[in-house]
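When a residue number appears, it is its place in the shown sequence, counting from 1. Note: hydrogens, waters and symmetry copies are ignored here, and every other heavy atom, side chains too, is used.
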Amino acid sequence: MPALQTLDRGLRALEFISTHPSGTTLSAVAEHLEVHRTIAHRIVQTLEAHDLVARGDGGRLRLGAAIGPLSRRFAPQLMGAGRPVLADLASRVQATTYLSVAEGEECVVVMAHEAGDQALRVTYQEGGRHSLHRGAAGLAILAARPASPDDPDDVRAARRLGYSLTRNQLQPGAIGVGVGLGDLAALRDAGIEASIGVVALGDLDVEAAALETLAAAERLRGAIGP
């Protein structure tokens, strides 16, 4: 199906360009897509026509201005309320904080905030994906769902504690704490399941981080609505 293949390549090109904030080249896009440079050129031209991609200094490709308004249409209540809550939580625990959502069997980071005084920084970037069944973010989302006889032990533990706790699952030395936001009307109507949490390398006062994350989740729920 050529049309579907072209769409797939266009989306993959857009995602690849998004991972290069300082810009990337047409040759790099072609190599990533494993297509001839001419095909990559046509794909990029189409994305440029919709202002999804722009050319910066030296013709390097970067995200275009249309990406901003488009991204802000995703879960506006969650994203708008989430940023100050994440910043406050990061300041309190001195670690990276995140908002994640479920997409199928994957967990996607939609927002992250790094504390300024972190000695070691964990790799947890917006747009990052991992299995819903690995990492504190995904486990917190699963724990917020109704209980099932098939739930694994780590999901049962997260439901019992009120938060998920993982060590070394997504990155060696990383400790993660997550709290599911649960069944809020504003999220349910948009088909979104989300969690808020903390991830750090090395030492983390887990008990204090859990209490702060639980409080942040409650503030976020209040800001989003019932």
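- Each of L99, T96, V198 was evaluated against L86; a single residue qualifies, L99, per the side chain to side chain contact (heavy atoms under 4.5 Å, CB included) test.
- The heavy-atom pair separating L201 from A174 by the smallest distance is CD2-N, 3.7 Å.
- Between L47 and G10, the shortest heavy-atom distance links the atoms CD1-O, 3.8 Å.
- The two residues S195 and A140 make their nearest non-hydrogen contact at CB-CB, 3.9 Å.
- For L132 against L142, the heavy-atom pair with the smallest separation is O-CD1, 3.5 Å.
- Of all heavy-atom pairs between Y98 and G178, the closest is OH-CA, 3.5 Å.
- A side-chain donor-acceptor contact under 3.5 Å links H36 to the backbone of T38.
- Between the side chain of Q94 and the main chain of S91, a donor-acceptor pair closer than 3.5 Å is present.
- For the residue pair S131 / H133, no side-chain donor-acceptor distance below 3.5 Å is found, with atom types taken as modelled.
- Taking each heavy atom of R92 and R219 in turn, the nearest pair found is NE-NH2, 4.2 Å.
- The cluster map of Ile, Leu, Val, Met, Phe, Trp and Tyr, joined by side-chain heavy atoms under 4.5 Å apart, puts L184 and I141 in different clusters.
- Of the possible polar contacts, none joining the R129 side chain to the V108 backbone as a donor-acceptor pair under 3.5 Å is found.
- Look at R221 and E218 and you find a salt bridge, because one of the NZ, NE, NH1 or NH2 atoms lies within 4.0 Å of a carboxylate O, short of that distance.
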